Protein chains: 2
Amino acid sequence: MATIYQVSELAGVSLATVSRVMNNNVRVSEATRNKVLQAMEQLGYRPNSIAQSLASSRSNSIGILVSELHGPFYGEMLTGIEAEFRAAGKHVIIAAGHSERATEEDGIDFLRSRNCDALILHVEAVSDQFLIDLSKKETPFVLLNRQVPALADRCISLDNELGGYLAARHLLQQGHRHIGYIAGPMWKADARDRFHGHQRALAEYQLTADEALFFEGDFRETGGSKGLQALLASGRPFSAIVCANDEMASGALTAARELGYEVPADFSVMGFDNVNFAYYTYPKLSTIDYPVSAMGHMAARWVLKKVYQQSNIDVQQVFNPHLIPRDSVAEAANT
Amino acid sequence: MATIYQVSELAGVSLATVSRVMNNNVRVSEATRNKVLQAMEQLGYRPNSIAQSLASSRSNSIGILVSELHGPFYGEMLTGIEAEFRAAGKHVIIAAGHSERATEEDGIDFLRSRNCDALILHVEAVSDQFLIDLSKKETPFVLLNRQVPALADRCISLDNELGGYLAARHLLQQGHRHIGYIAGPMWKADARDRFHGHQRALAEYQLTADEALFFEGDFRETGGSKGLQALLASGRPFSAIVCANDEMASGALTAARELGYEVPADFSVMGFDNVNFAYYTYPKLSTIDYPVSAMGHMAARWVLKKVYQQSNIDVQQVFNPHLIPRDSVAEAANT
DNA sequence: TAGTATGATGTAAGCGCTTTCATTTATAGC
DNA sequence: GCTATAAATGAAAGCGCTTACATCATACTA
């Protein structure tokens with residue numbers, strides 16, 4: 001592999017000049033620039049990015065920690081992030097946190113040890129304090145889908161409370177008054193926020209959530225099917241359920257069918273996230289759109305702006321969800 | 001940030017000794033090792049991985065190129081790969097190739113310029129020759145889900161032909177004789193192989209694929225719905241269709257419902273891949289299992305073995321698919 | 001007890017770049 | 001044509017490590 005030294009020799013200029021044409025910020029005369037370019041071409045020269053990083057103390061790499069690498073949600077997020085950075089010539093190092101405190105902390109550590117210029121973190125299990133402490137260390141980071149008041153300027157998040165509100169209101173407007181709720185793990189902030197929004201909507205109708213019609217799931221399909229079974233087992237009548245994400249809604253739909261119920265004739269089902277497959281469930285899932293890809297892009301742009309000084313970039317930090325009505329919700333029968 | 005130099009000073013030993021205890025291969029007396037460890041602890045020392053890479057000409061990073069970062073298939077693959085490397089202390093740089101020749105070549109270039117120690121490639125659009133040429137360059141790589149005869153020792157693949165065969169045979173055994181086929185893009189090797197397997201099974205029953213009942217889709221939901229419409233429009237009767245992947249099968253299922261057909265009463269549908277959501281479609285999709293996560297693991301282990309000399313690792317290069325019968329296929333009515 | 005392995009440690013030369021500072025060369029003003 | 005200024009280029013010192021190679025102390029052999 002040719003080095004910068006051989007290029008400089010072939011072109012008959014100094015190392016410094018070659019370096020300058022590579023980082024074309026400084027002025028180099030057209031003539032020498034061409035000589036150098038030609039020499040590079042001829043030698044098939046490729047700069048050694050490791051050496052560049054060492055010398056410039058900038059690795060051009062961004063560490064991404066997400067809970068999982070699979071699943072419709074994280075996939076979209078990663079796609080958005082990667083696209084943005086790739087275009088900027090930066091590269092992306094990924095790690096999975098699996099929603100566990102130790103693994104998340106370990107992942108952050110791992111990424112930091114890799115000399116990332118910045119981190120994009122989708123963490124759920126580490127404490128706010130941990131993040132606040134982390135913010136005092138040298139590596140900058142943004143938080144995706146998390147609100148830490150003390151770190152407000154580094155948070156890119158969705159208004160989950162509003163989403164929960166919109167979902168419930170949709171059902172209420174369709175006349176539903178007995179609404180079951182299959183929540184996400186309540187130690188997760190987004191799960192809690194969604195439920196709070198739900199409660200707020202109910203309150204507007206002078207209603208409160210029935211504890212017997214509440215089930216705490218795991219954000220996965222099985223959580224939805226177990227949740228539905230639990231609601232049914234409670235013996236309490238209900239005409240609709242909201243699931244805190246689409247995976248659980250899908251599980252609930254499947255379970256409903258297996259148990260002989262028909263959605264939305266027997267009861268309506270709302271999802272949340274509007275992941276790709278929500279259109280392909282049966283019936284098509286009414287849900288709340290989560291602009292996850294856009295938010296991934298935005299996190300990347302935050303980094304480009306704050307860390308790589310690309311000042312012409314605008315960043316939006318709070319996103320709003322909106323309702324996607326489809327076929328899994330129908331008007332309530334006469335109550 | 002503390003450097004190795006300060007550690008050596010605090011511990012009262014030379015740079016080399018500190019380096020030795022970090023890479024604990026060489027012999028260092030217990031006493032000095034402890035002194036050094038203690039000094040590191042005290043300074044909160046963390047080695048600079050960039051400097052390590054430059055000095056050792058080993059980056060401990062592996063480049064991964066997949067077609068997409070989202071979608072159930074690639075997500076599983078990445079999860080498998082990441083888990084394996086993370087445990088080994090290596091890190092993973094990812095890029096998306098989007099199934100386009102230029103983007104794939106560019107991605108490989110990008111990864112190579114990042115000094116990856118090895119590459120794991122899931123490429124579809126670049127030519128065999130390109131890969132053969134690439135194999136002559138310094139960066140080693142494995143191919144996932146691709147068979148290049150000249151590079152057989154670097155391929156980890158599924159026997160797609162067998163999968164196509166199993167899918168068709170299942171239908172034939174259920175008495176179906178008029179079978180539609182919604183293929184993937186036929187320029188992709190896996191799409192072709194699956195179809196070849198399909199033809200082989202038909203041949204065993206003295207049948208050939210009806211060209212009017214063949215549709216070339218795009219491996220996505222919309223491909224499946226368009227495909228079904230095309231088959232229906234052909235006017236040819238059929239009692240079953242096989243889709244070359246689960247996404248298209250899901251699209252076909254949804255389209256069938258919209259058009260007023262019932263699966264499997266009106267016709268059976270087979271998928272391929274056994275992605276996560278296949279269990280949650282309605283009806284539950286009969287499909288062919290693709291052990292994608294295991295194959296991701298295996299690709300990572302190939303790298304560990306061949307590039308990082310972990311000789312105790314076994315690698316399996318060819319995987320076999322198998323049938324997962326569920327509810328979307330039923331016996332053919334009397335023909 | 002001299003002679004020789006052997007294990008532990010130190011010295012110093014890179015790895016391939018970036019970047020500051022000094023130097024040379026070109027341009028302009030008068 | 002000569003000096004003042006700006007533009008282009010070069011020299012060289014790192015960036016924080018790894019790793020031959022050299023050195024030194026100790027343990028063993030005969």
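All of these numbers come straight from a predicted model, not from anything done at the bench. The chains referred to below are lettered A, B, ... by the order of the sequence lines, with proteins before strands, and numbering in each begins at 1.
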* Tell me: CZ of B/Arg58 to P of D/dC17, nearest whole Å? -> 19 Å
* Nearest to side-chain heavy atoms of A/Val13, which nucleotide of D/dG10, D/dC17, C/dG16 -> D/dG10
* Check whether any side-chain N or O of A/Trp302 sits under 3.5 Å from a backbone N or O of A/Asp153 as a donor-acceptor pair, and report yes or no. => yes
* Please say whether more than 12 non-hydrogen atoms of neighbouring residues, nucleotides or ligands are located less than 6.0 Å from CD in B/Gln38. => no
* **Residue A/Ser14, side-chain heavy atoms: nucleotide from D/dT18, C/dC17, D/dG10 that is nearest** => D/dG10
* Structure fact -> Checking D/dC17, D/dC21, C/dT19 against the side chain of B/Ala55 (C-beta onward), the nearest is D/dC17
* Rounded to whole angstrom units, what separation is found between the CZ atom of B/Arg20 and the P atom of C/dT9? -> 9 Å
* **Separation of atom CG in A/Asn60 from atom P in C/dG16, rounded to whole Å** => 19 Å
* Asked: How far apart are the closest heavy atoms of B/Glu104 and B/Glu124, and which atoms are they?
  -> OE2-N, 2.9 Å
* **Main-chain N/O of A/Ser59 paired to A/Asp117 side chain as donor or acceptor, under 3.5 Å** => yes
* Hey, does the side-chain of B/Arg46 have a donor or acceptor N/O within less than 3.5 Å of a partner on the base of D/dG16? -> no
* Asked: What does B/Ser29 touch in the nucleic acid at a heavy-atom separation under 4.0 angstrom: a base, only the sugar-phosphate, or nothing?
  -> sugar-phosphate
